[in-house]
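Along the sequence shown, residues carry numbers from 1.
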Amino acid sequence: MVANAFTQSIRALLAKFGIDAPDIRVEGLTLDSREVNTRSAFVAIKGHERDGREFIPQAISLGAKVILAQTDDSDAHGAMEMRDHSVIISLYQLPNLLSTLAGAFYDYPAQKMTSVAVTGTNGKTSTVQLLTQIKGALGTRSASIGTLGSSVFEGADTQWQTTSAANTTPDAIRMQYLLAEFVQSDVQHVAFEASSHALVQGRLSHVKIDIAVLTNLTRDHLDYHGSMEEYAKAKRLLLEQPGLAAIVLNANDEESKRWDSAAAQHITRVWTGVTSNEVSVSTYENQGSALTTSAEKPASKYCFALNAEYHEAGCRFDIQSSWGSASIALPLFGAFNVANVLSAIATLLQQGERFNEVVSAVNAITPVEGRMEVFPFQAHANVVVDYAHTPDALEKVLASAKAHTEGNVWCVFGCGGDRDKGKRPLMARAAETGADSIVITTDNSRSEAPEDIAKDIVKGLHNPDVAVSIPDREKAIRYCLAHSAAGDIIIVAGKGHENYQIIGDTKINYDERAVVARLQQEYSK
Ligand SMILES: CC(=O)N[C@H]1[C@@H](OP(=O)(O)OP(=O)(O)OC[C@H]2O[C@@H](n3ccc(=O)[nH]c3=O)[C@H](O)[C@@H]2O)O[C@H](CO)[C@@H](O)[C@@H]1O[C@H](C)C(=O)N[C@@H](C)C(=O)N[C@H](CCC(=O)O)C(=O)O
Ligand SMILES: Nc1ncnc2c1ncn2[C@@H]1O[C@H](COP(=O)(O)OP(=O)(O)OP(=O)(O)O)[C@@H](O)[C@H]1O
C-alpha cells in the first residue's frame with residue numbers, strides 16, 4: 001500500500017451510505033482477512049465458495065478496528081456491534097456496494113485520468129498492452145491492469161504486480177486501490193481488462209470508463225455463465241458504465257452489431273476491421289454506422305486494415321481511417337494481432353492523438369509477453385509461445401502461423417482439468433484444421449489425470465493418427481524440435497506468460513518462455 005496516503009474516517013465514508021459510524025481512521029479496505037492489519041478495515045461478504053463473515057474473528061485477532069459486514073436484512077443496515085476492540089458495522093447488500101464504497105474511500109481515482117476498458121473473449125491482454133505501449137511512446141504516463149498484473153508502464157523494465165488470486169480484473173476494492181495508486185504516481189492514462197466475471201460481479205460498477213473496446217466474442221467460460229447468451233449479456237454490461245463516451249467495435253465480429261444496437265445514442269462508435277475489401281471500408285466511411293437501423297444515427301468513425309501481408313519477421317498492412325491513411329510494418333505475428341493493434345490505434349485516435357504521431361509510435365511496438373512470442377532457432381523450426389486456450393484462439397493462431405511460413409505447422413496444446421469439457425473436442429478440431437502435426441500435452445490438469453484429458457481430446461479428432469500424446473510439456477516441445485524441419489513453426493499453446501502448471505492441488509513451477517529460451521541456447525551449441 002502507499003504509506004498513509006489514503007487515511008479516511010469511517011464516519012465520513014459511511015455517512016455517504018446513510019450510516020452514522022464512529023470516527024475511526026483507517027488506511028485501506030480489504031476483502032481478505034489474511035491481509036488485515038491494525039490500520040485496515042475488513043470487508044466481510046458472502047462469496048461463491050466461502051462466507052467472508054466466517055473470517056471476522058481472524059480479522060479481529062489481526063487487529064482490524066473496523067469490520068464492514070454484509071447483511072441481507074434491510075432493517076439491519078447501519079447496525080453496530082462491538083466485539084473486543086473492533087466495531088462490526090452491517091451494510092445491506094454490501095457486495096453490490098463494494099465498487100461505490102471503495103471509489104468513495106479512494107476518492108474516485110478513475111475520474112482523475114483517461115480510462116479504457118477492453119473486453120472480449122480473446123485479445124484483451126494484447127490490446128491493453130499494445131495500447132499502453134503506444135500511449136507511453138506518445139509521451140503519456142500510462143498504466144495497465146490485466147492478466148499480466150498491474151503496473152505503471154516502464155517499457156521493458158515494467159515489473160508487473162500480481163496477487164495470489166491472479167484475477168484478470170481485480171476485485172472491486174483492489175481495482176479502486178490500484179487506480180488510486182496510479183493517481184499518486186501521476187498516471188494520466190489507464191487501460192484495463194474487463195472480464196465477463198468482473199462485469200457480472202460488479203467489480204467495475206463504479207469505475208468511470210471513457211472508452212470501451214470489444215475485441216470479439218466466441219465460446220468460453222460457459223461453466224460460469226451457463227450459456228453463450230448469458231456470457232454475451234455479461235460483456236454488454238460494459239455499455240452501462242458511467243462516463244462511457246465511445247466504443248471501439250470489430251466489424252469482423254457478430255457481437256459488435258449487438259453492441260451497436262444496444263449502446264446509447266450519444267456513444268460514438270468507432271469501427272475497426274481487417275479486410276481485403278475496400279467496399280466494406282467505404283460503407284463505414286460514407287454511411288457512418290451501417291449496422292444501425294435507427295433513423296437518427298449515432299456518431300460513427302472507422303479504422304480499417306487493408307492489404308495485410310505476413311512474413312517470417314512480422315506483418316505489413318495499410319490503415320484507412322476517419323483520421324487518415326498510412327502503411328504500417330510490425331514485428332508481430334498473426335492476423336489477430338493486426339486486429340488488436342487496430343483496436344489500440346482506433347482508441348488513441350478517438351482520444352484525439354495525432355494520426356502521424358500514432359503511426360510513428362506504432363512502428364516502435366514490441367511483442368507482448370507470451371502472446372505469439374517468437375523464439376528463433378538456428379537450423380531448426382522456430383518456436384512460438386502463445387496463450388491460446390480457447391478453440392477460437394487456437395484456430396486463429398494456427399491459421400496465422402500458416403500465413404507466416406511455407407513449411408509445416410506443429411501444435412503443442414492441452415486442455416484444463418475440472419473446466420468446460422465441451423471445449424476439448426473443439427480444441428482438437430481447431431488443432432487438426434490448422435496444424436500439420438499435433439502433440440497433446442498437459443495444461444493445468446488439476447484433479448483429472450492428464451491421460452484422461454488427452455483421450456477426450458483425441459476423441460474430437462477425425463484422424464487420430466496426426467496426434468501423439470506427451471504429457472510432459474518440455475518433452476513435447478523437444479519431440480517437435482527433433483521431428484520438424486527448419487522453416488517449420490512450432491506453436492506451443494496455452495501457457496503464454498504463466499509460470500506454473502496446476503497438477504492436482506499443487507501449483508508446480510513451469511515457465512514455458514524460460515524453457516524455450518533454454519532450449520534455444522541448447523540448440524545453438
Ligand atoms: C468465481 C469467482 O469469480 N470468484 C472470485 C471471487 O471469489 P469469491 O467471492 O467467490 O470468494 P470466496 O473464496 O468464496 O471467499 C468469500 C470471501 O471470503 C474472503 N476470505 C476467504 C478466505 C480467507 O481466508 N479469508 C477471507 O477473508 C474472500 O476474500 C472473499 O471476500 O472474488 C475473489 C476476489 O475477491 C476472486 O479472487 C475470485 O476469483 C477466483 C480466484 C476465480 O477463479 N475467478 C475466475 C472465475 C475469474 O474471475 N476469472 C476472470 C478472468 C476470466 C478470463 O480469463 O477472461 C477474472 O477476472 O479473473
Ligand atoms: N483478437 C484476437 N482474436 C482471436 N484470438 C486472439 C486475439 N488476440 C489474441 N488471441 C489469441 O488469444 C490468446 C490470448 O490472448 P490475450 O491474452 O490477449 O487475450 P485475453 O482476452 O486477455 O485472454 P485471457 O483473458 O484468457 O487472458 C493469444 O495468446 C492468442 O492466441
Side-chain angles (χ1 to χ4, degrees), residues 1-111 163-165 167 169-181 183 198 200-208 242:
M1 286 203 181
V2 177
N4 295 327
F6 303 119
T7 306
Q8 253 230 48
S9 160
I10 286 296
R11 184 186 186 86
L13 176 69
L14 294 190
K16 296 178 176 129
F17 298 86
I19 296 174
D20 186 15
D23 188 14
I24 304 171
R25 298 181 81 74
V26 294
E27 290 176 13
L29 306 175
T30 178
L31 278 170
D32 192 335
S33 59
R34 292 159 292 197
E35 288 176 5
V36 163
N37 60 40
T38 52
R39 301 178 308 280
S40 56
F42 175 52
V43 182
I45 58 160
K46 273 196 275 185
H48 295 75
E49 306 281 334
R50 317 287 297 263
D51 189 334
R53 292 171 297 191
E54 288 167 18
F55 302 102
I56 291 177
Q58 184 188 20
I60 292 176
S61 71
L62 288 170
K65 297 207 177 48
V66 177
I67 289 148
L68 306 179
Q70 172 179 357
T71 175
D72 299 326
D73 173 3
S74 58
D75 291 339
H77 184 70
M80 277 171 242
E81 177 199 336
M82 281 307 291
R83 225 186 271 177
D84 296 334
H85 296 291
S86 311
V87 59
I88 304 173
I89 306 171
S90 295
L91 277 89
Y92 180 54
Q93 294 186 334
L94 180 54
N96 302 339
L97 300 180
L98 289 181
S99 186
T100 320
L101 182 81
F105 186 89
Y106 293 110
D107 200 20
Y108 309 106
Q111 292 181 8
T163 61
S164 54
N167 286 116
T169 313
D171 69 66
I173 291 180
R174 188 168 164 78
M175 186 72 202
Q176 300 281 12
Y177 166 71
L178 288 172
L179 293 171
E181 225 185 14
V183 169
V200 168
Q201 293 168 19
R203 294 183 210 162
L204 295 172
S205 59
H206 210 94
V207 173
K208 182 233 29 170

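- Looking at H77, its side chain never comes within 3.5 Å of a backbone N or O of L91 through a donor-acceptor pair.
- Distance alone, capped at 3.5 Å, is enough to place a donor-acceptor pair between the K208 side chain and the A110 backbone.
- When the salt bridge (Lys or Arg N to Asp or Glu O under 4.0 Å) test is applied to K16, no partner is found at least two apart in sequence or on another chain.
- Evaluation of the salt bridge (Lys or Arg N to Asp or Glu O under 4.0 Å) rule for R174 yields no partner, not counting sequence neighbours.
- A search for side-chain hydrogen bond (donor to acceptor under 3.5 Å, both in side chains) contacts involving T163 returns nothing, not counting sequence neighbours.
- For D75, there are no salt bridge (Lys or Arg N to Asp or Glu O under 4.0 Å) partners two or more places apart in sequence or in a different chain.
- In this structure, L14 and I89 have side chains that are in contact, with non-hydrogen atoms separated by less than 4.5 Å.
- Here the closest heavy-atom approach between residue I173 and residue L98 is recorded as CD1-CD2, 4.2 Å.
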Give every donor-acceptor pair under 3.5 Å between a side-chain atom in residues 200-207 and any protein atom, sequence neighbours left out.
from, atom 1, to, atom 2, distance (Å)
Q201, OE1, R203, NE, 3.0
Q201, OE1, R203, NH2, 2.8
Q201, NE2, Y224, OH, 2.8
R203, NH1, T169, O, 2.7
S205, OG, G202, O, 3.2

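- For D32, the side-chain hydrogen bond (donor to acceptor under 3.5 Å, both in side chains) partners two or more places apart in sequence, or in a different chain, are R34.
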Checklist entry - When you look at L101 and L29, which way does the side chain to side chain contact (heavy atoms under 4.5 Å, CB included) test go after all the steps? => result CA-CA 9 Å; L101 182 81; L29 306 175; 4.3 Å; yes
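- Counting heavy atoms from C-beta on, the side chains of P109 and Q176 come closer than 4.5 Å.
- Residues A76 and S90 approach most closely at O-CB, 3.4 Å, considering heavy atoms.
- When all heavy atoms of V36 and F42 are compared, the pair lying nearest together is CG2-CB, 3.7 Å.
- With sequence neighbours excluded, no residue forms a side chain to side chain contact (heavy atoms under 4.5 Å, CB included) with A15.
- Residues A44 and L94 come closest through the heavy atom pair O-CD2, 4.0 Å.
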Item to check | Test side chain to side chain contact (heavy atoms under 4.5 Å, CB included) applied to M175 and S99, step by step | outcome: CA-CA 8 Å; M175 186 72 202; S99 186; over 6 Å; no
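- Checked against side-chain hydrogen bond (donor to acceptor under 3.5 Å, both in side chains), D20 has the following partners two or more places apart in sequence or in another chain: R11.
- Contact between T7 and R25 at its shortest, heavy atoms only, is CG2-NE, 3.6 Å.
- For E81, the side chain to side chain contact (heavy atoms under 4.5 Å, CB included) test picks out R83, I88, with sequence neighbours left out.
- With sequence neighbours left out, the side-chain hydrogen bond (donor to acceptor under 3.5 Å, both in side chains) criterion links N96 to no other residue.
- Remark: aromatic rings of Y106 and F6 are close, center separation under 6.0 Å.
- With a 4.5 Å cut-off on side-chain heavy atoms, F55 and R50 count as touching.
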Item to check | Worked check of side chain to side chain contact (heavy atoms under 4.5 Å, CB included) between Y177 and F105 | outcome: CA-CA 9 Å; Y177 166 71; F105 186 89; over 6 Å; no
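- If you take CG on D73 and OH on Y92, they are separated by 8.0 Å, rounding to the nearest 0.5 Å.
- Across all non-hydrogen atoms, the minimal contact from P22 to M80 is CD-SD, 3.7 Å.
- Legend: salt bridge (charged side-chain N to carboxylate O under 4.0 Å, His left out) pairs involving residues 91-106, not counting sequence neighbours: none detected.
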Item to check | Trace of the side chain to side chain contact (heavy atoms under 4.5 Å, CB included) decision for I10 with V26 | outcome: CA-CA 7 Å; I10 286 296; V26 294; 3.8 Å; yes
Extract all donor-acceptor atom pairs below 3.5 Å that involve side chains of residues 58-70 and protein atoms in other chains or at least two apart in sequence.
from, atom 1, to, atom 2, distance (Å)
Q58, OE1, S33, OG, 2.6
S61, OG, Q58, O, 2.7
K65, NZ, T38, O, 3.4
Q70, OE1, K46, N, 2.7
Q70, NE2, D72, OD1, 3.2

